[in-house]
Amino acid sequence: MGLSVNSTGTGVLCCGNGILSIDKETAEDQVIALAGNPNVGKSTVFNSLTGMNQHTGNWPGKTVANAQGKYRYQGNNFILVDIPGTYSLMANSEEEEIARDFICFGNPDAVVVVADATCLERNLNLVLQTMEISKRVVLCVNLLDEAKKKKIRIDIKALSRELGIPVVGTSARNGKGLGGLMNAVKAATLDGFTGHPLRITYSEEIEQALSILQTAVEQALGGRLNSRWVSLKLLDGDESLLRSMKNYLGKDLLADETVSVRLREAKESLEAAGVSDDLFRDRVVTRIIRLCEDIGRKTVSYEKREYAERDRKIDKILTSKATGIPIMILMLLGIFWITITGANLPSALIADGLFWVEDRLMEFFQGISAPAWLTGLLIQGVYRTLAWVISVMLPPMAIFFPLFTLLEDLGYLPRVAFNLDNFFRKACAHGKQALTMCMGFGCNACGVIGCRIIDSPRERLIAVLTNNFVPCNGRFPTLIAIITMFFVSTAATPFQSVASALTLTAVIVFGVMMTMLISRILSKTILKGMPSSFNLELPPYRRPQIGKVILRSIFDRTLFVLRRAVVVAAPAGLVIWLLANIRVGGMSLLTQCAEFLDPFARLLGMDGYILTAFILGFPANEIVIPIIIMSYMATGTLTDYTSLAQLHTLFASHGWTWLTAVCVMLFSLLHWPCGTTCLTIRKETQSLKWTLFAFALPTTAGIAVCFLVATLARLFGLA
């Protein structure tokens with residue numbers, strides 16, 4: 001089924017990747033597709049025009065779903081659709097297939113291809129391929145400000161003459177040139193397009209084969225697609241296009257007898273000329289590349305012979321085998337140190353404020369003579385749990401996410417993937433898994449969703465199953481508190497934050513090592529296969545937009561994760577209070593659960609209360625420590641401790657040693673995913689089996705590691 005407009009003016013495109021809805025207020029609304037390579041500022045153009053807060057990641061394949069927004073220009077309504085960033089439309093990956101299918105079957109009124117002015121020649125590949133599909137293409141040469149800094153000059157008028165389409169130069173980050181872009185879009189869609197787009201001419205053998213096939217394809221399609229381009233794809237054996245035509249057009253092209261006969265004749269013609277299937281694609285790609293080079297020579301000039309000299313000098317350090325990994329670890333250490341140091345005071349202030357509100361609520365409930373059970377359930381259970389989660393989570397996230405996003409905006413994260421690619425390759429996994437792993441530091445659910453950027457289903461599944469081995473923001477408070485209480489409390493006060501950051505970094509590195517180890521085990525057992533190759537672009541370094549980064553990280557990440565935690569923590573607090581206050585046989589249900597689990601927990605270097613806390617913390621990892629405190633106090637309510645020293649005294653009085661602390665940290669790092677992550681895995685894999693396996697895999701690893709550490713410590717008399 002194609003794009004249709006019903007009585008409400010809403011167009012819907014159904015596809016194998018989901019349903020893309022194009023909300024049209026009127027039938028006169030113009031649908032504009034925004035295409036482009038990764039890292040060219042395509043989503044920045046989209047955000048600047050529509051005002052939507054669409055995230056603009058600075059790594060390949062970040063945009064993995066179509067986003068749409070409305071823009072009104074000179075009395076006309078335009079609907080802009082931000083399709084996935086891709087290097088070509090040959091459908092070798094999910095991004096390429098989604099982008100191609102929207103251009104082919106989404107019936108956009110025009111396609112705007114956004115290109116990077118600093119590497120225009122490479123970007124022209126996508127422009128030429130798009131021109132083969134669509135009659136109305138506008139080229140937006142973005143990042144002209146970056147090109148100017150690198151002494152690159154582009155003759156926009158000459159480029160327009162060479163391509164035969166409108167070409168507009170922009171600097172979308174600064175909002176420059178966007179008015180001219182919309183003028184060109186309006187001219188192409190509403191004013192009548194009068195250009196003469198460049199037509200790619202291939203070798204004589206290929207042109208002969210196209211002439212045999214094209215007429216039959218034109219008659220079969222009835223003008224719904226560019227018959228020359230479809231003929232080219234049929235000769236190339238593009239099965240994904242045939243599937244898409246069945247899905248969108250309800251047309252099995254090869255079932256048409258005339259097309260089938262002509263296709264066979266065209267292929268026989270190619271074989272007679274010595275052009276095999278592999279050689280056919282090679283000649284097509286080579287022709288496009290040479291045409292890009294020719295256009296580039298005529299329209300782009302460089303004042304500097306090596307315009308990327310600065311970036312290359314930096315990359316020699318940041319991606320070096322000798323210095324790349326150490327610098328990456330130092331940056332991680334720096335982020336953790338700033339997060340730990342900066343979160344202490346805001347966390348204390350937020351806690352004071354929230355617990356002050358709690359006192360007022362208690363006074364209110366007492367004033368209305370509310371039953372004790374209701375006060376305990378709502379205030380000491382639900383509200384106090386929420387207060388803990390918010391005061392503990394919000395400050396670190398508000399610091400960590402902006403810092404992490406700054407590295408992303410700067411262009412450093414692709415360098416992280418480059419540095420780790422060799423390690424993941426040895427683990428028979430995909431290099432892009434490094435990026436999804438980094439996303440897991442903020443939220444494992446977000447990391448699981450990010451695995452869509454991996455094309456191979458096998459390697460994508462490996463990345464999903466192992467994403468939980470890096471701690472999310474919800475586990476950082478537990479790790480930081482235990483590290484501070486048991487391992488760095490003896491250090492001088494000025495050095496405690498540094499020691500905490502060092503220890504936390506070591507824990508994170510261990511989690512990364514476990515990710516690679518488990519990935520290799522999966523690759524050699526139940527998910528066997530060869531690692532696939534991929535193109536990883538190292539984008540130019542760019543000055544981060546600090547204001548936008550802070551706003552984006554707060555609204556897109558911090559508040560999103562906090563909202564998720566609050567939603568699951570509220571009912572969790574209710575359940576915890578009930579378990580701690582309902583007594584059977586003189587003991588609370590919480591105590592009974594702890595005593596039942598205690599023998600097994602002792603084998604893992606912990607106790608029954610700790611293991612119970614991890615189980616009850618399934619909805620949100622942030623509430624593990626509060627549950628342990630509640631259990632030890634045996635009061636049935638969460639207690640606010642004013643210092644980690646008091647908390648250390650409480651834990652030590654219940655038998656905690658350095659071994660207990662180590663095992664709790666290891667289990668916190670390696671145990672099962674939280675409820676939200678499990679639901680996300682279920683949605684992404686569409687499989688209950690793999691969801692249960694994703695739950696069991698880290699749990700088994702956590703149990704095995706804790707048992708091994710506890711057993712060895714006792715064996716050597718260290719505990």
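Counting begins at 1 with the first residue of the sequence. These numbers come from the heavy atoms of this one structure, side chains and all, not from hydrogens, waters or symmetry mates.
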Colleague: Salt bridge or not for Lys42 and Asp82, using N-O below 4.0 Å?
Modeller: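 A salt bridge links Lys42 with Asp82.
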
Colleague: Please report the closest heavy-atom contact between Asn468 and Arg475, naming both atoms and the distance.
Modeller: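 Heavy atoms of Asn468 and Arg475 come nearest at O-NH2, 3.0 Å.
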
Colleague: Between Asn467 (side chain only) and Ala463 (backbone N and O only), is there a donor and an acceptor less than 3.5 Å apart?
Modeller: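 Here the side-chain-to-backbone pair does not exist.
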
Colleague: Between Asp116 (side chain only) and Thr118 (backbone N and O only), is there a donor and an acceptor less than 3.5 Å apart?
Modeller: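 Yes, Asp116 side chain to Thr118 backbone: donor-acceptor pair under 3.5 Å.
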
Colleague: Taking the side chain as C-beta and beyond, is there a heavy-atom pair between Met437 and Phe424 under 4.5 Å?
Modeller: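 With C-beta onward as the side chain, the pair touches.
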
Colleague: Determine whether Val111 and Val138 satisfy the following criterion, side-chain contact (heavy atoms from CB on, under 4.5 Å), listing intermediate values before the conclusion.
Modeller: CA-CA 6 Å; Val111 181; Val138 176; over 6 Å; no

Colleague: Between the main-chain N or O of Leu89 and the side-chain N or O of Arg100, is there a donor-acceptor pair closer than 3.5 Å?
Modeller: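 Flag not set: sc Arg100 to bb Leu89 has no pair under 3.5 Å.
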
Colleague: Please determine if Lys149 and Asp145 form a salt bridge, counting it only when a charged side-chain N lies under 4.0 Å from a carboxylate O.
Modeller: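 The answer is no: the pair does not qualify as a salt bridge.
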
Colleague: Let's go through Thr466 and Gln433 carefully: what are the C-alpha distance in whole Å and the side-chain angles of both, what is the deciding distance for side chain to side chain donor-acceptor pair (under 3.5 Å) to 0.1 Å, and is it a yes or a no?
Modeller: CA-CA 9 Å; Thr466 59; Gln433 188 172 334; 2.9 Å; yes

Colleague: Under the 3.5 angstrom rule, does the side chain of Asn419 hit a backbone N or O of Arg415 as a donor-acceptor pair?
Modeller: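 Checked: pair present.
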
Colleague: Apply side chain to side chain donor-acceptor pair (under 3.5 Å) to residues Tyr87 and Asn123 and explain how you reach the verdict.
Modeller: CA-CA 7 Å; Tyr87 292 101; Asn123 287 205; over 6 Å; no

Colleague: Under 4.5 Å between any side-chain heavy atoms of Phe418 and Leu318, yes or no?
Modeller: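 They are not in side-chain contact.
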
Colleague: Might you point out which heavy atoms bring Gly296 and Leu124 nearest each other, and give the distance in Å?
Modeller: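 In this case the closest contact between Gly296 and Leu124 is N-CD1, 4.4 Å.
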
Colleague: Look at the side chain of Ser134 and the backbone N and O of Thr130, then say whether any donor-acceptor pair between them is shorter than 3.5 Å.
Modeller: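 No: the side chain of Ser134 does not pair with the backbone of Thr130.
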
Colleague: Which atom pair, heavy atoms only, marks the closest approach of Leu128 to Cys292?
Modeller: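 It is CD1-SG, 3.7 Å.
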
Colleague: Assess whether salt bridge (charged side-chain N to carboxylate O under 4.0 Å, His left out) is satisfied between Asp109 and Arg136, documenting all intermediate values.
Modeller: CA-CA 7 Å; Asp109 296 285; Arg136 295 181 176 180; 5.4 Å; no

Colleague: Given 3.5 Å as the limit, does a donor-acceptor pair link the side chain of Ser160 with the main chain of Ile156, or not?
Modeller: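 Checked: no pair found.
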
Colleague: Counting N and O atoms only, with roles assigned by atom type, does the side chain of Asn76 sit under 3.5 Å from a partner on the main chain of Asp29, one being a donor and the other an acceptor?
Modeller: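 Side chain of Asn76 to backbone of Asp29, a donor-acceptor pair under 3.5 Å: no, none is there.
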
Colleague: Given Thr436 and Ile449, is the side-chain contact (heavy atoms from CB on, under 4.5 Å) satisfied, shown in steps?
Modeller: CA-CA 8 Å; Thr436 64; Ile449 293 174; over 6 Å; no

Colleague: Between Asn444 and Val470, is there a donor-acceptor pair closer than 3.5 Å when you use the side chain of the first and the backbone of the second?
Modeller: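 Pair found, side chain donor or acceptor close to backbone of Val470.
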
Colleague: Are the side chains of Phe78 and Met182 in touch, meaning some heavy atoms are under 4.5 Å apart?
Modeller: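 Result yes, sub-4.5 Å side-chain heavy-atom pair found.
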
Colleague: Are any of the side-chain heavy atoms of Thr189 and Ile32 separated by less than 4.5 Å?
Modeller: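 They are in contact (side-chain heavy atoms under 4.5 Å apart), so the answer is yes.
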
Colleague: Any donor and acceptor pair, going by atom type alone, linking the side chain of Asn142 with main-chain N or O of Ala172 inside 3.5 Å?
Modeller: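 Pair found, side chain donor or acceptor close to backbone of Ala172.
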
Colleague: If you count heavy atoms of other groups shown closer than 6.0 angstrom to CZ of Phe423, is the number above 12?
Modeller: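 12 or below, so no.
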
Colleague: Measure across Val40 and Ala115 and return the closest heavy-atom pair with its distance rounded to 0.1 Å.
Modeller: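 Taking Val40 first and Ala115 second, the nearest heavy atoms are CB-C, 4.1 Å.
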
Colleague: Under the 3.5 angstrom rule, does the side chain of Ser171 hit a backbone N or O of Lys176 as a donor-acceptor pair?
Modeller: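 It does not hold such a pair.
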
Colleague: What's the verdict on side-chain contact (heavy atoms from CB on, under 4.5 Å) for Leu163 and Val127, showing C-alpha distance, side-chain angles and the deciding distance?
Modeller: CA-CA 9 Å; Leu163 295 173; Val127 178; 4.3 Å; yes

Colleague: Testing the basics here: between Gly41 and Val114, what is the closest heavy-atom pair and its distance to 0.1 Å?
Modeller: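 In terms of heavy atoms, the two residues are closest at C-CG1, 4.4 Å.
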
Colleague: Compare every heavy atom of Ile165 with every heavy atom of Pro197, then report the nearest pair and how far apart it is.
Modeller: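 Reported closest heavy-atom pair: CB-CG2, 4.1 Å.
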
Colleague: Let's go through Leu225 and Cys104 carefully: what are the C-alpha distance in whole Å and the side-chain angles of both, what is the deciding distance for side-chain contact (heavy atoms from CB on, under 4.5 Å) to 0.1 Å, and is it a yes or a no?
Modeller: CA-CA 7 Å; Leu225 287 177; Cys104 287; 3.9 Å; yes

Colleague: Evaluate the criterion salt bridge (charged side-chain N to carboxylate O under 4.0 Å, His left out) for residue pair Asp294 and Arg290; output intermediate values, then yes/no.
Modeller: CA-CA 6 Å; Asp294 182 54; Arg290 288 180 177 173; over 6 Å; no

